[in-house]
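No experiment lies behind these values; they were computed from the predicted model shown. Per chain, numbering begins at 1; letters A, B, ... match sequence-line order.
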Amino acid sequence: MKVELEADKCVASGQCVVAAMEVFDQDDDGIAVLLAERPGAEHLDSVREAVAVCPAAAIRLVEK
Amino acid sequence: MNRAVVVGACAAGLAAAETLRREGYDGTLTLIGDEPHPPYDRPPLSKQLLASDWEADRLVLRAADDIAALDLDLRLGTAATGLDLAGRVVRLADGSRVPYDGLIVATGVRARRLPGGGGHVLRTLSDALALRERLGPGRHLVVVGAGFLGAEAAAVAWRLGARVTLLEPAPVPLAHAVGEEVGRMLSRAHLDRGVELRTGVTVTEVGDRAVRLADGEVVEADEVLVAVGSLPNTEWLADSGLAVGDGVVCDAYLEAAEGVYAAGDVARWHNPLFGTAMRVEHRTNAAEQGMAAARNLLRPEGRKPFAPVPYFWSDQYDMKVQAYGFLRGHDEVAVVEGDLAERRFVAAYRTGARVTGALAVGMPPKVIRLWRRSIASRASWDEVAGHRVT
């Protein structure tokens, strides 16, 4: 799977880190950063959770 | 379940619909919304959209092909007008009737207005577009209500060069929500920029170009924004048999009646993490609660109580305010990290013996997340008191 993040939409809520901390982190301003653009299948559920809870709709899961 | 109906097509309703599909539901899925727009995001309405940093197309919550993939029976621009619980049918404004096996109510809230009925409100995309058309250098905007929405709109209007007057009935804006000290600190951000803040004034009548105060004074304006809170959209449920009282009353599983769940701004549910009933108008809650309601509807045998740590943020001038937990009704506030005067701090909130909330301005995300963890783990106030600097 491939994860896309629109950082300029990010509102720094950190909800994605709470949902999937192996895949997302935040920079010093709180803006989300991708730790892995193509995380392993074991992270699928948590990434889906992150997509769903992101309050800025800034994360998209492009399944391959 | 072969017929699922979600009433309300914004963040909570969309999250519910997506979750039903993601978790394997393949029956009919009807999504009903009273606004004509596909699901869109509301927080930017008082921020980037009002400031014209973003145009309306950026608020769309999902790309058209993501919506199409949900295989929805999508009824936009159509309000639900009634519910027949016994017959399991939702009635719509266009006269149609939608039968269901499972129902999720996510009809949200609408802006409260004041006597006179004039002025702008700021709840929908149309509201925000109408207001921003009227803002600009030299215009005088009077904002009634210095809560989070009013403060955000004031900050944007100031940035656009407008003259801004905030009218607030409480002596300290937001004190009931965040405490007096933090409320005062947030007020100073307005005053520092020359935004006029009048506290302790009650507005009794609102026209389009002026408001009247309780003492008879008339405050004139080019535009008036009424930001005095909201009302749950539950009128369509009157006489349905559902319990309604400042929202749709649900249990800890978000169930309001057999096969009927509620989510988002309209849902009043018992949050077991805080041991109290609450109704939360936060963007993140809408998505989390929509997901939880959908899961419980789909798998009643494995249902789980909805026990989140609420989270909200507010952008005002150069400040980002972030808060976790349930701050209302707190017994004590303490600045536990940083310094209020420097606008870089964490304030912790105590209710009973527990830490129940934390509000941060200008602090790194890792610090804020630690406080979220304390609240989620029901940490006692004494455990965290060691961090206190005041």
Check your understanding: Considering only heavy atoms, which portion of Ala58(A) lies under 4.5 Å from any heavy atom of chain B: side chain, backbone, both, or neither?
Key ->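 Ala58(A) has no heavy atom closer than 4.5 Å to chain B.
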Point to revise | Which portion of Asp25(A) sits near chain B, non-hydrogen atoms under 4.5 angstrom | key: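 Side chain of Asp25(A) only, per the 4.5 Å heavy-atom cut-off to chain B.
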**Study point:** Heavy-atom pair with the smallest gap, counting every atom of Met291(B) and Ala52(A)
**Key:**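 Minimum heavy-atom separation between Met291(B) and Ala52(A): SD-CB, 3.5 Å.
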**Study point:** Nearest non-hydrogen partners of Pro365(B) and Gln26(A), listed with the distance
**Key:**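 It is CB-OE1, 3.2 Å.
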**Study point:** Interatomic distance, Leu59(B) atom CG to Lys9(A) atom NZ [nearest 0.5 angstrom]
**Key:**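 With rounding to 0.5 Å, CG (Leu59(B)) is 8.0 Å from NZ (Lys9(A)).
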Point to revise | Approximate separation, where rounding is to 0.5 Å, of Gln15(A) CD and Arg283(B) CZ | key: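 Separation between the atoms: 10.0 Å.
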Point to revise | More than 12 heavy atoms of other groups within 6.0 Å of Asp28(A) CG | key: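 Check fails, neighbour count at 12 or below.
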Practice item. Decide if atom CD of Glu4(A) counts as having more than 12 heavy atoms of other residues, nucleotides or ligands within a radius under 6.0 Å. Key: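 Yes - once you tally the heavy atoms of other residues, nucleotides and ligands closer than 6.0 Å, there are more than 12.
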Check your understanding: Counting heavy-atom pairs under 4.5 Å to chain A, which of Asp66(B), Leu14(B), Asn285(B), Asp315(B) comes out on top?
Key ->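 Most heavy-atom pairs under 4.5 Å with chain A: Asp66(B).
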Exercise for review: Determine the option with the most heavy-atom pairs under 4.5 angstrom with chain A, choosing from Gln322(B), Arg369(B), Arg373(B).
Suggested key: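 Looking at each option in turn, the highest pair count goes to Arg369(B).
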Point to revise | Contacting region of Phe312(B) [heavy-atom separation from chain A under 4.5 Å] | key: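 For Phe312(B), neither part sits under 4.5 Å from chain A.
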Check your understanding: With a 4.5 angstrom heavy-atom cut-off, which part of Ala63(B) approaches chain A: side chain, backbone, both or neither?
Key ->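 Side chain of Ala63(B) only, per the 4.5 Å heavy-atom cut-off to chain A.
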Does [X] reach the side chain of [Y], with side-chain heavy atoms less than 4.5 Å apart?
| X | Y | value |
| --- | --- | --- |
| Asp8(A) | Arg58(B) | yes |
| Asp29(A) | Lys320(B) | no |
| Glu18(B) | Val51(A) | no |

Practice item. Count the heavy-atom pairs under 4.5 Å between each of Ala57(A), Ala56(A), Cys54(A) and chain B, then report the option with the highest count. Key: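 Greatest number of close heavy-atom pairs with chain B: Ala57(A).
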Check your understanding: Is there a side chain to side chain contact (heavy atoms under 4.5 Å, CB included) between Val11(A) and Lys47(B) once you walk through the steps?
Key -> CA-CA 11 Å; Val11(A) 297; Lys47(B) 306 176 181 77; over 6 Å; no
